[in-house]
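Written below as structure tokens is the structure these notes are about.
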Amino acid sequence: MNINKKQIVIVLTFVAVSIWSCKPDAVKPYEALEVQTGSVQSIAGVWTGLNVTQTDNGAVNKNFPFKTEDVTQVLQANKWKLTLNASGSTPGTFAIDHGTGGVAFSPITSGTWRVDNATKVGTISLINGVDTVKLVVGSYNNLINNKLALRQQRLLNGQPAITYDYQFSK
């Protein structure tokens, strides 16, 4: 294999230019978020329904082919409004508007809400008198993009039968 001096100079020039052209990005100053993601403050607000997925837990356990279905259109989830009011880091009242023709995702439409941890919410409990609906909060990364993922399990004989995954946007 013949390599002449011209080819060596070209390769060395290319390597030298590649090395000198790389510069690290300037370090950006740290900016503390005013509201900690996953806190009551980041979850409070008015949320509009985006989509709903229904999972048949029995079908999942038995490995049936049809386990999950998008039921957004059937439930008319785009008509839903979930309002979570808070006073600082303390949950307050809530209201659910299912809209005209929208199917209810919760048997209670108003009351108070509580959380398991005010700084890193894992579970939201919607409470009205003796009735409680528990919702598990999804990824905090969604909250950064003004999206809220909630999961609700419906039980049959004390076992999860149907799981609903709700997506909301602010």
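Quantities reported herein were computed from a predicted structural model and do not represent experimental measurements.
Using a 4.5 Å heavy-atom threshold, the side chains of Phe94 and Ile124 count as separate. Side-chain atoms of Ser110 and Asn128, non-hydrogen and from C-beta on, do get closer than 4.5 Å to each other. Side-chain contact between Leu75 and Trp80 is present, with at least one heavy-atom pair separated by less than 4.5 Å.
Of the inter-residue distances, the one linking Thr123 atom OG1 with Arg151 atom CZ reads 12.0 Å to the nearest 0.5 angstrom. We find the CZ-CG distance between Phe64 and Asp56 to be 8.5 Å, quoted to the nearest 0.5 Å. Rounded to the nearest 0.5 Å, atoms CG (Leu143) and OG1 (Thr37) are 7.0 Å apart. Note that the OG1 atom of Thr119 and the CD atom of Gln41 stand 10.5 Å from one another [nearest 0.5 Å]. Summarising the geometry, atom CG belonging to Asn85 is positioned 11.5 Å from atom OG1 belonging to Thr112; distances are rounded to the nearest 0.5 Å. Between atom CG of residue Asn57 and atom NZ of residue Lys62 there is a gap of 11.5 Å, rounded to the nearest 0.5 Å.
Side-chain heavy atoms closer than 4.5 Å link hydrophobic residues (I, L, V, M, F, W, Y) into clusters, and following such links, even through other members, never connects Val137 to Ile127. Both Ile162 and Leu135 are part of a single hydrophobic cluster, where members link through side-chain heavy atoms under 4.5 Å apart. Hydrophobic cluster membership is shared by Leu148 and Tyr164, with clusters built from Ile, Leu, Val, Met, Phe, Trp and Tyr side chains linked at under 4.5 angstrom. Taking hydrophobic clusters as Ile, Leu, Val, Met, Phe, Trp and Tyr residues chained together by side-chain heavy-atom distances below 4.5 Å, Leu150 shares a cluster with Val103.
For NZ of Lys67, the number of neighbouring non-hydrogen atoms (other residues, nucleotides, ligands) closer than 6.0 Å is greater than 12.
For the pairing with Pro160, the side-chain contact (heavy atoms from CB on, under 4.5 Å) check across Asn61, Val60, Leu155 returns one residue only, Leu155.
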TODO: Go through Glu69 and Val74 one step at a time and tell me if the side-chain contact (heavy atoms from CB on, under 4.5 Å) criterion holds.
DONE: CA-CA 11 Å; Glu69 183 175 1; Val74 174; 5.9 Å; no
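Closest non-hydrogen pair, Ala149 versus Asn142, comes out as CB-ND2, 3.6 Å. Taking all atoms of both residues into account, the shortest heavy-atom contact from Lys134 to Gln152 is O-CG, 4.0 Å. Minimum interatomic distance between Ile108 and Ile96 (heavy atoms only, all atoms of both residues): O-CD1, 3.5 Å. Nearest heavy-atom pair across Tyr140 and Val121 is OH-O, 2.7 Å. Across every non-hydrogen atom of Pro107 and Val133, the tightest pair is CD-CG2, 3.8 Å. Here the shortest heavy-atom pairing between Thr132 and Ser125 reads CG2-CB, 4.0 Å.
A donor-acceptor contact closer than 3.5 angstrom is absent between the side chains of Asn78 and Thr72. If you check the side chains of Lys81 and Thr48, you find a donor sitting under 3.5 Å from an acceptor.
Arg154 is linked by a salt bridge (charged side-chain N to carboxylate O under 4.0 Å, His left out) to nothing, counting only residues two or more places apart in sequence or in another chain. Under the rule for a side chain to side chain contact (heavy atoms under 4.5 Å, CB included), the partners of Thr68 that lie at least two apart in sequence or sit in another chain are Thr53, Thr55.
Ring geometry for Tyr166 against Phe168 counts as tilted: the plane angle lies between 30° and 60°, on a 0 to 90° scale.
When atom types are taken as modelled, the side chain of Asp116 and the backbone of Gly122 share a donor-acceptor pair closer than 3.5 angstrom. Remark: the backbone N or O of Thr93 is paired with a side-chain donor or acceptor of Trp113 at under 3.5 angstrom. Remark: the backbone N or O of Gln167 is not paired with any side-chain donor or acceptor of Lys147 at under 3.5 angstrom.
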